[in-house]
Student: 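Please find one structure pasted underneath; my questions will follow.
The basis for the numbers below is simple: all heavy atoms, side chains too, and nothing from hydrogens, waters or symmetry mates. As the structure is a computational prediction, the values presented were derived from the model and not from experiment.
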Amino acid sequence: MSMHAAWMTHRSMTADPSVKEQKLKPGTVKRIFKFALPYRTNIIIFLATVVIDAALIVTTPLLLKRLIDQGVIPKDGAVVTQLALLVGLIAIADAGFNMLGRYFSSRIGEGLIYDLRSLVFAHVQKQSIAFFTRTQTGALISRINSDVIGAQQAFTATLSGVVSNVVSLVLVGVTMLILSWQITIFSLLLLPVFLIPTKWVGRRLQALTRESFSVNAEMSSTMTERFNVSGAMLVALYGEPDREREYFRSRARRVADIGIKMAMLNRLFFIALTSVAAVATAFAYGIGGHLAINGGVTVGTLLAITALLARLYGPLTALSNVRIDVMTSLVSFERVFEVLDLEPMVKSHDGAKVLVTKEPRIEFDNVDFSYPRAEEISLASLESAAKAETVQSGQVLRNLFFVAEPGTMTALVGPSGAGKTTISSLLPRLYDVTGGAIKIDGNDIRDLTLESLRESIGVVMQDAHLFHESIAENLRYAKQDATPAEMQAACEAAQIWKLVESLPNGLDTMVGERGHRLSGGEKQRLAIARLLLKSPAVVILDEATAHLDSENEQLVHAALQTALKGRTSIVIAHRLSTVREADQILVLEKGSIVERGKHDELVAKGGLYADLYNRQDLTGAANQDPAVEN
């Protein structure tokens, strides 16, 4: 048995048999064939090389028969030379077809991986923020990596394996029966002896493989959590190094133990394959030898049959598990389709208009909002705990009405859970309202294209997110063609250029994971520079100065003055001192506006705003009462 045949048999025998019990959704196979259509020429050529390669399996033993019977025994040197050369040429041709098959297999496989990954990545990017709040990142990445690779094997390893094994089995079986039906029947009677050890080893390997995946996933999760900046800091401050090391070592030891068992079982598997084949060959020699002595078969026929016998058991064993191989690939496709079939909750409808505005008027017209249910936004298989939720979020915003006039600042204040951040999420359509409408210049934002809407809005959050790239690349995320001069101007306006200029690599300085190489104030100012580079018509600030020291707060405040100038802005404030100059202040409680007006009016009114104001030290110490955090 060839090493390739043995490997294919091993792959088939160690696959998870439980996949046979899964039921595919109607139309899955039809969709799979649609993905294959662009590669139909490559698939045809690839399968042709597989068939030719399988056919060559019986050619060499038959030539060997002729070489012995018509060349060696009659002592005809010319025949020996001719047939030996022909065997060599066939070997070269076989290698050529193998290379050609591998080339087309790679083109098909890598093409499918590219198509599927590109589709899944693009589709996931269209999902609403609600999708990402529930989805387990590792499970989603697995769909893009593992399941996509499993799907492409349907057209490479699985399809070629089935075709090759069927063709080989038919040709080898028919040829052996023609040469000697007695030896062929006896050889087939030994098949159960061949299957028993392989099935047993296969089941053991299946169990160990599942356990290995589970323990490796635990190790990966541990490393991911401990090896990022926040995790490493937590371990350094609160963790026990000895306990951490022991925890990791115990899992690494288990992986090592499983690896040793799998290595021994793999070796036992191949030994079982080759040993049983060798025993069958010995029996074939014994029976065939007696037949040859009695004139039942020629010596060449005996040698040809024993050569073919080694090519018989591999395809038989692999085909006995073909359903598992096929279903494994089809299920991988279905898991990819499951993601592609999840419709984004927020999307542009046909005929949506492009928003063009410089100083927009924003209107919240009797807006109601409730967060979507789990089944509306995600897939149970992508969540870390796929359990139905028994308690829904309920109505978060109720009958909300206000107008932000062009170029004005509207401040949102109120206790935690009042709905301030929810409002900031509704304007750029991270979620859609469940009642009423949000309008910009009289246009319902649901009638605008998402791209033009979000191009018109700039957001600075409390915890500014920076990618693990250079300062320049983080700034260019707002404007890809930004020049160094434009980035410098934005940094100067954001009060961050002096710091950037002082760094050895300037704009090319790496900021670290999530920007951890910068302080909180520096990240905020860099985020403001990014916003200025985008130059949006609408600015949303969500607690942009919360948790900053007084020096950084002053710098960020100065940067914000530039960012807000001439723009319609919505500012969520924790420190009421930052919104005293707002054109209007909306005080929210339990999803409704309970007060509205300017700072002095609201303080004089003596309501909720006055209570929040009096509970804060506005002299600069800025008591941070948890009751007014968002």
Student: Say you draw a straight line from CZ of R454 to OG1 of T449; how long is it, rounded to the nearest 0.5 Å?
Tutor: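 Here the interatomic distance stands at 10.5 Å.
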
Student: Between T483 and R476, do the side chains contain an N or O donor and an N or O acceptor separated by less than 3.5 Å?
Tutor: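 Side chains of T483 and R476: no pair found under 3.5 Å.
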
Student: Judged by modelled atom types alone, do Y431 and T422 share a side-chain donor-acceptor pair under 3.5 Å?
Tutor: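 Side chains of Y431 and T422: no pair found under 3.5 Å.
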
Student: Minimum heavy-atom separation for L430 and V346, please, with both atom names.
Tutor: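 Nearest heavy atoms, L430 then V346: O-CG2, 4.0 Å.
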
Student: Which heavy-atom pair separates I457 from P428 by the least distance, and what is that distance?
Tutor: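 Reported closest heavy-atom pair: CD1-CA, 3.7 Å.
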
Student: Any side-chain donor paired with an acceptor under 3.5 Å for D542 and T421?
Tutor: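 A donor-acceptor contact under 3.5 Å links the two side chains.
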
Student: Any side-chain donor paired with an acceptor under 3.5 Å for Q584 and T410?
Tutor: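 The answer is yes; a qualifying pair exists.
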
Student: Return the CG to SG distance between L526 and C491, rounded to the nearest 0.5 Å.
Tutor: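 Separation between the atoms: 6.0 Å.
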
Student: Does E581 use its side chain to pair, donor to acceptor, with the backbone of M409 at less than 3.5 Å?
Tutor: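 Such a contact is absent between E581 side chain and M409 backbone.
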
Student: Is a side-chain donor-acceptor pair under 3.5 Å present for D115 with Y39?
Tutor: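 Indeed, the side chains of Y39 and D115 share at least one donor-acceptor pair under 3.5 Å.
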
Student: If I take atom OH from residue Y477 and atom NE2 from residue H465, how far apart are they, to the nearest 0.5 angstrom?
Tutor: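 If we round to the nearest 0.5 Å, Y477:OH and H465:NE2 are 8.5 Å apart.
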
Student: Ion pair present between K598 and D600, side-chain N to carboxylate O less than 4.0 angstrom?
Tutor: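 A salt bridge is absent here (no side-chain N lies under 4.0 Å from a carboxylate O).
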
Student: Checking Q125 side chain against A122 main chain: does a donor-acceptor pair fall under 3.5 Å?
Tutor: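 Checked: no pair found.
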
Student: Could you walk me through whether E455 and E451 pass the side-chain contact (heavy atoms from CB on, under 4.5 Å) check?
Tutor: CA-CA 6 Å; E455 279 181 357; E451 184 179 1; 3.6 Å; yes

Student: If you take all heavy atoms of L448 and N443, which pair is closest and at what distance?
Tutor: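 Taking every non-hydrogen atom into account, CD2-CB, 4.0 Å.
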
Student: Considering all heavy atoms of both residues, which atom of E405 and which atom of T408 are nearest to each other, and what is their separation?
Tutor: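 Result for this residue pair: O-OG1, 2.6 Å.
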
Student: State whether the side chain of K420 and the backbone N or O of A411 hold a donor-acceptor pair below 3.5 Å, judged by distance alone.
Tutor: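 No; zero donor-acceptor contacts below 3.5 Å.
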
Student: Look at the side chain of D441 and the backbone N and O of R361, then say whether any donor-acceptor pair between them is shorter than 3.5 Å.
Tutor: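 Indeed, once roles are kept as given, a pair shorter than 3.5 Å links the two residues.
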
